[in-house]
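Read the structure below first, then the notes.
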Amino acid sequence: PGHRPVMGRRIRLATRGLVFNGDKLLLVNAWPDGKSDLMCAPGGGADLHQSLPDNLRREIFEETGLTVTGGPCVLINEFHDPHGDFHQVDIYFRCTLIAGELSDTWKDVENIVTDRRWVTRDELATLRVKPDSLASVAWDHVEHAAYDALEPILR
């Protein structure tokens with residue numbers, strides 16, 4: 001017999017954007033108040049009755065102050081806490097930067113993101129990032145969306 005879901009536990013759905021400025025990819029920190037040095041692509045939880053592309057544009061603007069348009073889906077990444085009840089599915093879209101510049105004075109609406117930066121592929125290799133496939137998905141253009149199943153969450 002398989003596991004039965006417990007009422008109240010849900011898989012969280014989020015959108016994330018791969019946004020480039022020249023050869024540099026946009027990253028944000030993943031934990032509030034500097035609790036972790038983990039970096040990821042900007043984005044966040046999907047809201048009810050909002051399309052995934054609309055959710056993506058809203059989240060990226062809230063976290064960075066940048067305006068983007070969403071493009072093709074390039075990755076579906078699942079991660080979870082094997083010892084807890086956290087499970088999230090992130091859908092990554094390639095995006096185009098339309099307007100805005102990063103500013104140290106920008107405040108994330110939810111006060112979670114306190115670091116945002118542009119990084120080269122070489123710089124990304126020196127950082128702790130999720131998902132593990134981020135560099136290859138961002139820089140190596142693929143014909144179809146990739147899928148990463150159940151990566152353990154990092155803290």
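Note that the coordinates shown come from a computational prediction; the quantities given were computed from them, not determined experimentally.
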message = Testing the basics here: between Val28 and Pro42, what is the closest heavy-atom pair and its distance to 0.1 Å?
response = CG2-CA, 3.8 Å
task = Please name the pair of heavy atoms, one in Ala41 and one in Leu18, separated by the smallest distance, quoted to 0.1 Å.
result = CB-CD2, 4.2 Å
Aromatic ring pairing His87/His80, orientation class (parallel under 30°, perpendicular over 60°, tilted between) = tilted
ask   = In terms of the angle between their ring planes, are Trp139 and Phe20 parallel, tilted or perpendicular, with boundaries placed at 30° and 60°?
value = perpendicular
Less than 4.5 Å apart, side chain to side chain, heavy atoms only: is that true for [X] and [Y]?
| X | Y | value |
| --- | --- | --- |
| Arg57 | Thr67 | no |
| Leu66 | Leu102 | yes |
| Leu26 | Glu63 | no |
| Glu101 | Asn21 | no |

message = Restricting to salt bridge (Lys or Arg N to Asp or Glu O under 4.0 Å), what partner residues turn up for Arg12, sequence neighbours left out?
response = none
query = Partners of Asp47 by salt bridge (Lys or Arg N to Asp or Glu O under 4.0 Å), sequence neighbours excluded?
reply = Arg58
Distance check, rounded to the nearest 0.5 Å: [X] atom [atom1] versus [Y] atom [atom2]?
| X | Y | atom1 | atom2 | result |
| --- | --- | --- | --- | --- |
| Glu110 | Glu62 | CD | CD | 6.0 Å |
| Leu124 | Met39 | CG | CE | 9.0 Å |
| Leu38 | Leu27 | CG | CG | 10.0 Å |

ask   = Between Asp37, Thr114, Asp108, which is the residue that forms a side chain to side chain donor-acceptor pair (under 3.5 Å) with Asn29?
value = Thr114
inquiry  = Thr126 vs Val119, test: side-chain contact (heavy atoms from CB on, under 4.5 Å). Steps then yes/no.
reply    = CA-CA 10 Å; Thr126 68; Val119 300; over 6 Å; no
Is there a donor-acceptor contact under 3.5 Å from the side chain of [X] to the main chain of [Y]?
| X | Y | result |
| --- | --- | --- |
| Thr120 | Glu123 | yes |
| Asn77 | Asp90 | no |
| Arg94 | Ala138 | yes |
| Trp118 | Asp23 | no |

task = Using the side-chain contact (heavy atoms from CB on, under 4.5 Å) rule, take Trp106 and Arg116 through it: C-alpha gap first, then chi angles, then the decisive distance, then the call.
result = CA-CA 10 Å; Trp106 183 263; Arg116 54 196 66 76; 4.0 Å; yes
